[in-house]
Amino acid sequence: MEQGESTPVWIGRDGIEREFAETLRQAAWIFEKEKDGRFLGSIVACRAVICFINRRGGGAELAGPFIRIKEAFEDLEKGGKPKLFSNKTVPNKERSRSPERKVVQRLAAAALDVLHQLGDPLDISASKIARNVNGWRGMDAQEVTGATVIAWRKQLSSSKANNIEFLLRRCWQSLIPEHHRSPSPERTARPI
């Protein structure tokens, strides 16, 4: 066996773990063998972890770091300079314009839209989401309030896509393949 190859040994107890192990093997192969595979291999591995967490019923807080890492590698692949891989620290009072912050804004706006569509009052849902977003990494430069989350939702709904449902689907599809998505958006959105 050559260096860097893994043996195709099944390490899981069930189908979910077998699929997880196989996807990680594929990611490792891409990382080692394909030209510029260091980005795509890392992205595939992060997606595998996100899917595994989702299929095992883990909360969004567990998948959050892997979502940020995946987004950072996608930004690197496009030639960007994600803050996640920067040695410089942003002063606490300086607002970041990073791709990671935009992802947080999209996730918060999408969660607000889902909760509102499920019948929760807009202002109460926005306040709940804001309290959680304030605890997320990279959000210390701004105190997020319910009004901020509502403004992010309005901004997204008036953007090019002009449809927040489209943005929610696009955001969710970029994180989790279709056959792994929760049939209950409420189960997924409430932990956020």
Subject >> Gap separating the CZ atom of R68 from the CG atom of D75, nearest 0.5 angstrom >> reply: 15.0 Å
Original post:
P82 and A72: which non-hydrogen atoms are nearest, and at how many Å?
Top reply: CG-O, 3.4 Å
Original post:
At what distance, to the nearest 0.5 angstrom, does CD1 of I50 lie from CD1 of I67?
Top reply: 5.0 Å
Subject >> Nearest atoms (heavy-atom pairs only) where D123 meets I150 >> reply: CA-CD1, 4.5 Å
Original post:
Atom CZ in R55, atom CD in E19: separation rounded to 0.5 Å?
Top reply: 4.5 Å
Original post:
Do L40 and F31 have side chains that get closer than 4.5 Å, going by heavy atoms?
Top reply: no
Original post:
Which heavy atom of F66 sits nearest a heavy atom of C46, and at what distance?
Top reply: O-CB, 3.8 Å
Subject >> Check against salt bridge (charged side-chain N to carboxylate O under 4.0 Å, His left out), K70 and E74 >> reply: CA-CA 6 Å; K70 179 189 84 64; E74 287 174 343; 3.1 Å; yes
Original post:
Can we say E17 and R56 salt-bridge, meaning some charged N sits less than 4.0 Å from an Asp/Glu carboxylate O?
Top reply: yes
Original post:
How far apart are the closest heavy atoms of S125 and D120, and which atoms are they?
Top reply: OG-CB, 2.9 Å
Original post:
Rounded to the nearest 0.5 Å, how far apart are CG of D113 and CD1 of I129?
Top reply: 9.5 Å
**OP:** Measure the spacing between CZ of F52 and CG of L24 and express it to the nearest 0.5 Å.
**Re:** 9.5 Å
**OP:** Give the C-alpha distance, both sets of side-chain angles, the deciding distance and a yes or no for side-chain contact (heavy atoms from CB on, under 4.5 Å) between K128 and I124.
**Re:** CA-CA 6 Å; K128 286 179 191 175; I124 293 172; 3.9 Å; yes
Original post:
Looking at side-chain heavy atoms only, is the closest gap between L112 and W152 below 4.5 Å?
Top reply: no
Original post:
Transitively linked via ILVMFWY side-chain contacts under 4.5 Å: W29 with F39?
Top reply: no
Original post:
Honestly curious: do L115 and V144 fall in one hydrophobic cluster under the side-chain, below-4.5 Å linking rule?
Top reply: yes
Original post:
What heavy-atom pair brings G41 and A27 nearest, and what distance separates the two atoms?
Top reply: O-CB, 3.4 Å
Original post:
Nearest 0.5 Å, what's the CD1-CZ distance between I43 and F73?
Top reply: 8.0 Å
Original post:
Would a distance-only check, ignoring hydrogens and angles, find a side-chain to backbone donor-acceptor pair under 3.5 Å from N134 to A130?
Top reply: yes
Original post:
Is R18 salt-bridged to E22, cutoff N-O under 4.0 Å?
Top reply: no
